[in-house]
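Quantities reported herein were computed from a predicted structural model and do not represent experimental measurements. Note: hydrogens, waters and symmetry copies are ignored here, and every other heavy atom, side chains too, is used.
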Amino acid sequence: MLAASLAYDKGMQNIYGAKQLAASFRTVRQNTIQVAEDIPEDKYSFTPAQGARSVEQALAHIAVSTRMWQEAHASGTTKMQEYDWATAFVELEAEEKKKRSKKELVDLLKNEGERFTRFLEGLSDDKLAEQITEDPSQPTKSRLEALMSAKEHEMHCRGQLMLIERMLGIVPHLTRKYAEMEREMREAAEKKSRQTARA
């Protein structure tokens with residue numbers, strides 16, 4: 001079973017490896033930065049509900065969360081449950097509470113994103129194929145799969161920020177982008193239909 005899993009992971013590296021993971025994460029971070037740019041600085045203190053993070057805190061949370069994945073996986077351990085997550089979460093919470101300007105937060109997103117992307121780009125196929133445990137009661141997974149959760153975490157948090165944008169009367173940039181694509185495709189289809197009718 002383990003041999004089959006390792007063979008699968010090795011095969012996956014030919015399709016999706018460090019280069020692809022880094023490029024994908026870079027795209028995700030660029031979209032997060034655009035959200036940060038689109039929200040006015042005077043709305044950074046906005047909190048959507050009691051107990052929720054403010055815009056400012058959410059952006060800081062996203063920016064520095066990648067440190068945990070990088071430090072845990074750079075250590076080389078295959079037993080993630082042995083990493084000092086308690087200290088990591090305390091440090092993350094402290095970062096979220098720091099007061100920063102909009103420019104400082106955007107710069108933090110850029111710098112931390114590039115730092116993590118360079119780390120991902122440097123991982124070998126063998127390193128990504130390593131089997132690790134995050135919970136002894138759960139099946140092992142490849143390091144590649146575990147690192148993909150950093151991207152998934154950011155997309156989850158960015159989704160919350162995009163809902164906050166709506167609450168603030170801002171149409172998210174991805175919504176605008178896809179609406180424009182739909183308009184262009186619709187116009188192209190209508191043009192083709194008119195040309196066909198005249199033929």
Side-chain angles (χ1 to χ4, degrees), residues 1-36 51-53 57-96 105 108-164 172 174 178:
M1 185 70 175
L2 178 59
S5 177
L6 285 171
Y8 172 77
D9 288 329
K10 285 285 189 181
M12 279 298 293
Q13 306 314 307
N14 296 325
I15 303 169
Y16 194 96
K19 181 179 178 181
Q20 291 78 14
L21 179 59
S24 181
F25 179 81
R26 184 174 280 118
T27 296
V28 169
R29 180 52 61 94
Q30 286 172 344
N31 281 318
T32 301
I33 291 168
Q34 188 60 57
V35 170
R53 293 183 179 94
Q57 291 169 336
L59 290 171
H61 172 81
I62 291 171
V64 301
S65 286
T66 49
R67 293 177 186 175
M68 295 190 297
W69 275 278
Q70 182 169 342
E71 290 167 7
H73 288 278
S75 73
T77 183
T78 57
K79 298 178 180 179
M80 289 294 125
Q81 65 273 15
E82 295 180 357
Y83 177 71
D84 188 2
W85 294 104
T87 298
F89 283 123
V90 168
E91 292 174 354
L92 176 60
E93 187 174 354
E95 287 288 351
E96 291 176 19
L105 278 166
L108 187 66
L109 284 163
K110 291 178 179 178
N111 295 335
E112 292 292 334
E114 190 55 33
R115 176 174 177 258
F116 186 58
T117 302
R118 287 197 302 270
F119 166 71
L120 294 175
E121 288 173 333
L123 295 171
S124 67
D125 286 352
D126 287 341
K127 180 62 69 174
L128 290 173
E130 285 180 343
Q131 295 296 297
I132 68 169
T133 57
E134 294 180 337
D135 179 340
S137 67
Q138 299 297 316
T140 61
K141 63 174 62 175
S142 69
R143 198 177 293 280
L144 170 63
E145 182 181 357
L147 281 165
M148 287 179 72
S149 63
K151 181 180 72 170
E152 293 163 357
H153 168 264
E154 180 151 341
M155 293 173 72
H156 167 81
C157 292
R158 194 183 72 227
Q160 296 173 339
L161 281 168
M162 290 171 75
L163 179 57
I164 288 174
L174 289 176
Y178 291 123

Hits for side chain to side chain donor-acceptor pair (under 3.5 Å) against H153, two or more places apart or cross-chain, chain-then-number order -> H61
About how many Å separate CE of M80 and OG1 of T140, when rounded to the nearest 0.5 Å? 12.5 Å
Mind checking whether E91 and E96 have side chains closer than 4.5 Å, heavy atoms only? no
Heavy-atom distance under 4.5 Å between the side chains of L120 and Q70, does that happen here? no
With a 3.5 Å cut-off and no angle check, do the side chains of D126 and S124 form a donor-acceptor pair? no
Sorted by first residue and then second, give each salt bridge (charged side-chain N to carboxylate O under 4.0 Å, His left out) pair with at least one member in residues 144-156; sequence neighbours left out. R29-E154
Closest heavy-atom pair and its distance - G76, R143: O-NH2, 3.5 Å
In the structure I gave you, are the side-chain heavy atoms of I132 and H73 within less than 4.5 Å of one another anywhere? yes
Could you work out, with side chain to side chain donor-acceptor pair (under 3.5 Å) as the rule, every residue matching E82, not counting sequence neighbours? none
Kindly compute the distance separating CG (L123) from CD (E130), expressed to the nearest 0.5 Å. 9.5 Å
State, with a plain yes or no, whether a side-chain heavy atom of D125 is found less than 4.5 Å away from one of L144. no
Using 0.5 Å steps for rounding, measure from the CG atom of L147 to the NZ atom of K127. 10.5 Å
S149: side chain to side chain donor-acceptor pair (under 3.5 Å) partners, not counting sequence neighbours: W69
From OG1 (T117) to CD (Q30), nearest 0.5 Å: 8.5 Å
Checking Y83 now: which residues fulfil ring-ring contact (aromatic ring centres under 6.0 Å, His included) with it, not counting sequence neighbours? W85
Residues, nucleotides or ligands: over 12 heavy atoms within 6.0 Å of E93 CD: no
In terms of side-chain geometry, is the basic nitrogen of E121 or R118 positioned less than 4.0 Å from the acidic oxygen of its partner? no
Taking C-beta and beyond as the side chain, do L161 and L59 meet within less than 4.5 Å on heavy atoms? yes
Charged N-O contact under 4.0 Å between E95 and R67: yes
Taken to the nearest 0.5 Å, the spacing of L105 CG from I33 CD1 works out to 11.5 Å
Might you point out which heavy atoms bring A129 and S142 nearest each other, and give the distance in Å? O-CB, 4.3 Å
Mind running salt bridge (charged side-chain N to carboxylate O under 4.0 Å, His left out) on R26 and E114 for me, showing each step along the way? CA-CA 8 Å; R26 184 174 280 118; E114 190 55 33; 3.5 Å; yes
Please name all residues satisfying ring-ring contact (aromatic ring centres under 6.0 Å, His included) with F25, sequence neighbours left out, ordered by chain then number. F116
Any T78 side-chain heavy atom under 4.5 Å of Q131 side chain: no
Quick one: closest heavy-atom pair of A63 and E112, and the distance? O-CB, 3.1 Å
Side chains of Q81 and T133, donor plus acceptor under 3.5 Å: yes
Smallest separation among heavy atoms of A18 and L128, with atom names: N-CD1, 3.4 Å
